[in-house]
Amino acid sequence: MAFIEAYTTLHGVPPAEADMQRFFRVTPPAVHRMILALEQRGLLRRVAGQARSIKLLLPSGGIPRLDPRERNGAF
C-alpha cells in the first residue's frame with residue numbers, strides 16, 4: 001500500500017499492475033492476487049478491467065511511508 005500511495009503521489013495516477021510487478025520483482029499473477037486480497041480486505045477499491053483504477057481506502061496517515069532503502073525496483 002505504501003508503494004501505491006508513493007507512486008500515485010509521484011506520478012499523479014495509480015500504478016498499473018505491471019508497475020507493481022517491476023517494483024516488487026514478482027509475477028503478474030502474484031501482483032493480481034495481492035490486489036484482489038487488499039480489495040477483499042476493504043483496503044482499496046478498483047474497477048475490474050479499467051487500467052489504473054486503484055484507490056486506497058485508508059487515510060494517508062494510516063499507511064506506512066515507503067522506505068527508499070527497501071526498494072527492489074524503480075518507479
Side-chain angles (χ1 to χ4, degrees):
M1 293 185 50
F3 172 77
I4 295 170
E5 181 179 48
Y7 187 98
T8 302
T9 300
L10 184 64
H11 297 282
V13 295
E17 288 189 10
D19 298 318
M20 290 182 264
Q21 177 192 348
R22 279 189 299 276
F23 182 82
F24 292 109
R25 296 183 182 167
V26 296
T27 64
V31 170
H32 189 70
R33 284 191 305 269
M34 176 186 66
I35 295 300
L36 292 177
L38 291 170
E39 184 177 31
Q40 289 172 349
R41 291 183 177 138
L43 299 172
L44 63 81
R45 180 177 58 219
R46 69 185 180 94
V47 178
Q50 182 179 338
R52 300 184 184 271
S53 64
I54 294 172
K55 178 174 170 65
L56 296 175
L57 300 179
L58 289 176
S60 292
I63 300 171
R65 295 187 50 97
L66 186 64
D67 186 341
R69 293 171 294 177
E70 295 176 9
R71 280 184 48 191
N72 292 326
F75 72 90

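Counting begins at 1 with the first residue of the sequence. If you're wondering where the values come from, they're calculated on a predicted model, not measured in any experiment.
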In chain order, what residues pass the side chain to side chain contact (heavy atoms under 4.5 Å, CB included) check against T9, with sequence neighbours excluded? E5
Residues forming a side chain to side chain contact (heavy atoms under 4.5 Å, CB included) with P59, sequence neighbours excluded: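 So P59 forms no side chain to side chain contact (heavy atoms under 4.5 Å, CB included) with any residue.
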Partners meeting side chain to side chain donor-acceptor pair (under 3.5 Å) with E17 (sequence neighbours left out):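 Per chain and number, E17 pairs via side chain to side chain donor-acceptor pair (under 3.5 Å) with H32.
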Under 3.5 Å, which donor-acceptor pairs link side chains of residues 41-58 to any protein atom two or more places apart or in another chain?
| unit_1 | atom_1 | unit_2 | atom_2 | d |
| --- | --- | --- | --- | --- |
| R46 | NE | E39 | OE1 | 2.9 |
| R52 | NH1 | Y7 | OH | 3.4 |
| R52 | NH1 | P14 | O | 3.0 |
| R52 | NH1 | D19 | OD2 | 3.1 |
| R52 | NH2 | D19 | OD2 | 3.3 |
| S53 | OG | V47 | N | 2.9 |
| S53 | OG | V47 | O | 3.1 |
| S53 | OG | Q50 | O | 3.0 |

Taking all non-hydrogen atoms of both residues into account, name the closest pair between M20 and I35 and its distance.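 Result for this residue pair: CE-CD1, 3.6 Å.
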Closest heavy-atom contact between P64 and A2?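 Closest pair (atom of P64, atom of A2, distance): O-CB, 3.0 Å.
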Just how far is it from atom CZ of R33 to atom CD of Q40, taken to the nearest 0.5 Å? 12.5 Å
Rounded distance (nearest 0.5 Å) linking atom CG of L38 with atom CD1 of I4: 6.0 Å
